[in-house]
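Remember, predicted model here, so these are calculated numbers, not experimental data. Chain letters run A, B, ... following the sequence lines, proteins first, then strands; residues in each count from 1.
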Protein chains: 2
Amino acid sequence: MADLKTETPPHLAEPSLREGIELLFYAYRYFTSDPDEILARYGFGRAHHRVLHFVGGNPDITVAELLVILSITKQSLARVLGTLVREKYIDQQPGARDRRQRRLRLTEKGAALEAELSRVQQGRVARAYRAAGPEAVAGCWDVLAGLIDPADREAILRSIRQGKSA
Amino acid sequence: MADLKTETPPHLAEPSLREGIELLFYAYRYFTSDPDEILARYGFGRAHHRVLHFVGGNPDITVAELLVILSITKQSLARVLGTLVREKYIDQQPGARDRRQRRLRLTEKGAALEAELSRVQQGRVARAYRAAGPEAVAGCWDVLAGLIDPADREAILRSIRQGKSA
DNA sequence: AAGATATGTCAACATGGCTGACCTAAAAAC
DNA sequence: GTTTTTAGGTCAGCCATGTTGACATATCTT
């Protein structure tokens, strides 16, 4: 017999956990599907999207800050960022106080692509929000936030809220 | 002035959509982080995890059914599945009615690894559920389900519910 | 017997991670 | 003012995991 005191409540039972895990797997696939399609037309991948997204949301971000957000190495970033800079989607300017820094911003061209990607991705999310209703959305945010390591949670939520993803 | 009739309700405003998108991005990263760590110790990757997961949840699944779930090519699947079969994490048996099929099941060794991976992933999800509460979980599921293309939604939800992911 | 289907396999390629080593320019510390 | 640290870039190579295309085999269906 299960120990009643520590027994898993119904909504935490294993089947429900498995269902939630699979749902997140499928949902994430669709979540990235629309941008992926557009990116392919530009010869870009998901990595380019992430850079465009976070540079767009954090104008004048430094490379180091971007690396923290993306949690990748500078060599990995260099490949996609280099392309975006060469093809003039992103502009680099030396930092005002620290001229070693390359502060990143979207060019007009970059902002246009980012907007195109945002539009379809936000469209999908907006439809999901609308269908589920505001309380569901609030609940969803709570659950998703709960998946983040407690040690990192507050910093990440802060950065999301400010649109300052550093 | 915005047209009141089609004005985006507050919870659908652009900033909130952007926040939701970023939250999903971060949450998914943590969602996969614990299994990834374990898999690395076995020389496996995320692709192996997916196969172990869906074979575990769908004993005697066929290769064709697994391909539909994973949405990858059979060549991609062959690489990871081949390894898992060779290293005896997964067992193949000809179908009873159709002997062309290779029905897949976890071996004991495979079930043990799958359980180890499930344990940490379910642990993280369970903590998030517990912190957010049952209503939030229900809302979360609604939103995530809403991200799935309507054309595929019912089939996917059915497959999740049955634990028959085909 | 012929054709369709389930699966496997070979070869080649792309993306996007990684490590390690090394370079420059600018800031900070001594 | 020299040294050290820091921000960033770059080269080379490796790995995981996706792709396409072509082809082989066994088995089921017609």
Side-chain angles (χ1 to χ4, degrees), chain A residues 25 28-29 32-33 35-55 60-87 90-104 166, chain B residues 25 28-29 32-33 35-55 60-87 90-104 166:
Chain A
F25 164 72
Y28 198 80
R29 176 193 290 169
T32 56
S33 63
D36 283 353
E37 231 173 86
I38 294 170
L39 289 158
R41 296 206 288 268
Y42 287 80
F44 292 151
R46 214 172 280 180
H48 299 87
H49 184 191
R50 290 190 201 116
V51 172
L52 289 169
H53 174 94
F54 285 108
V55 171
D60 287 321
I61 190 174
T62 66
V63 171
E65 289 165 346
L66 191 51
L67 286 176
V68 170
I69 292 175
L70 298 176
S71 289
I72 59 175
T73 60
K74 69 176 170 177
Q75 294 93 326
S76 294
L77 175 59
R79 227 173 354 214
V80 288
L81 180 55
T83 305
L84 291 169
V85 169
R86 268 192 306 280
E87 301 188 10
I90 288 183
D91 182 60
Q92 293 175 316
Q93 290 297 329
R97 285 194 312 241
D98 186 338
R99 293 192 341 265
R100 289 172 305 179
Q101 298 172 341
R102 309 291 164 93
R103 301 225 162 231
L104 307 172
Chain B
F25 164 73
Y28 198 81
R29 175 194 290 169
T32 57
S33 63
D36 283 353
E37 231 174 85
I38 294 170
L39 290 158
R41 297 205 288 268
Y42 287 79
F44 292 151
R46 215 172 280 181
H48 300 87
H49 184 192
R50 290 190 201 115
V51 172
L52 289 169
H53 175 95
F54 285 109
V55 171
D60 288 321
I61 190 174
T62 66
V63 171
E65 290 166 345
L66 191 51
L67 285 177
V68 170
I69 292 175
L70 297 176
S71 289
I72 59 175
T73 60
K74 68 176 170 178
Q75 294 92 326
S76 295
L77 175 59
R79 219 165 9 205
V80 289
L81 181 55
T83 305
L84 291 169
V85 169
R86 269 192 306 280
E87 300 188 10
I90 288 183
D91 182 60
Q92 294 175 314
Q93 289 297 329
R97 286 194 311 241
D98 185 339
R99 291 186 351 260
R100 289 172 304 180
Q101 298 173 340
R102 307 293 163 91
R103 300 223 164 233
L104 307 173

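Counting only residues at least two apart or on different chains, the side chain to side chain donor-acceptor pair (under 3.5 Å) pairs with a member in residues 37-48 of chain B are B:Thr32-B:Arg46, B:Asp36-B:Arg46, B:Tyr42-B:Glu116.
At a cut-off of 3.5 angstrom, the base of C:dG17 holds at least one donor-acceptor pair with the side chain of A:Arg79. Contact annotation: side chain of B:Gln92 to base of C:dG8, donor-acceptor pair absent below 3.5 Å.
Protein atom CD of A:Gln75 is 11 Å distant from nucleotide atom C1' of C:dG17, rounded to whole Å. A straight line from CD of A:Gln93 to C1' of C:dA25 spans 17 Å, rounded to a whole angstrom. Between the CG atom of A:Leu39 and the C1' atom of D:dG18 there is a distance of 16 Å, rounded to whole Å. As a whole-Å value, the separation of B:Phe44 CZ from D:dC15 P is 16 Å. If you take NZ of B:Lys74 and P of C:dA6, they are 11 Å apart, rounded to a whole angstrom. When rounded to the nearest whole Å, the span between CD of A:Glu65 and C1' of D:dT6 equals 14 Å. Between the CD1 atom of B:Ile61 and the C1' atom of C:dA6 there is a distance of 14 Å, rounded to whole Å.
Residue whose closest nucleotide on DNA chain C sits further toward the 5' end, between A:Ser76 and B:Leu81: B:Leu81.
The side chain to side chain contact (heavy atoms under 4.5 Å, CB included) with B:Lys74 is formed by just one residue from the set B:Val63, B:Leu81, B:Leu67; it is B:Leu67.
Of the residues in residues 95-104 of chain A, those placing a heavy atom less than 4.0 Å from an atom of DNA chain D are A:Arg100, A:Gln101, A:Arg102, in numerical order.
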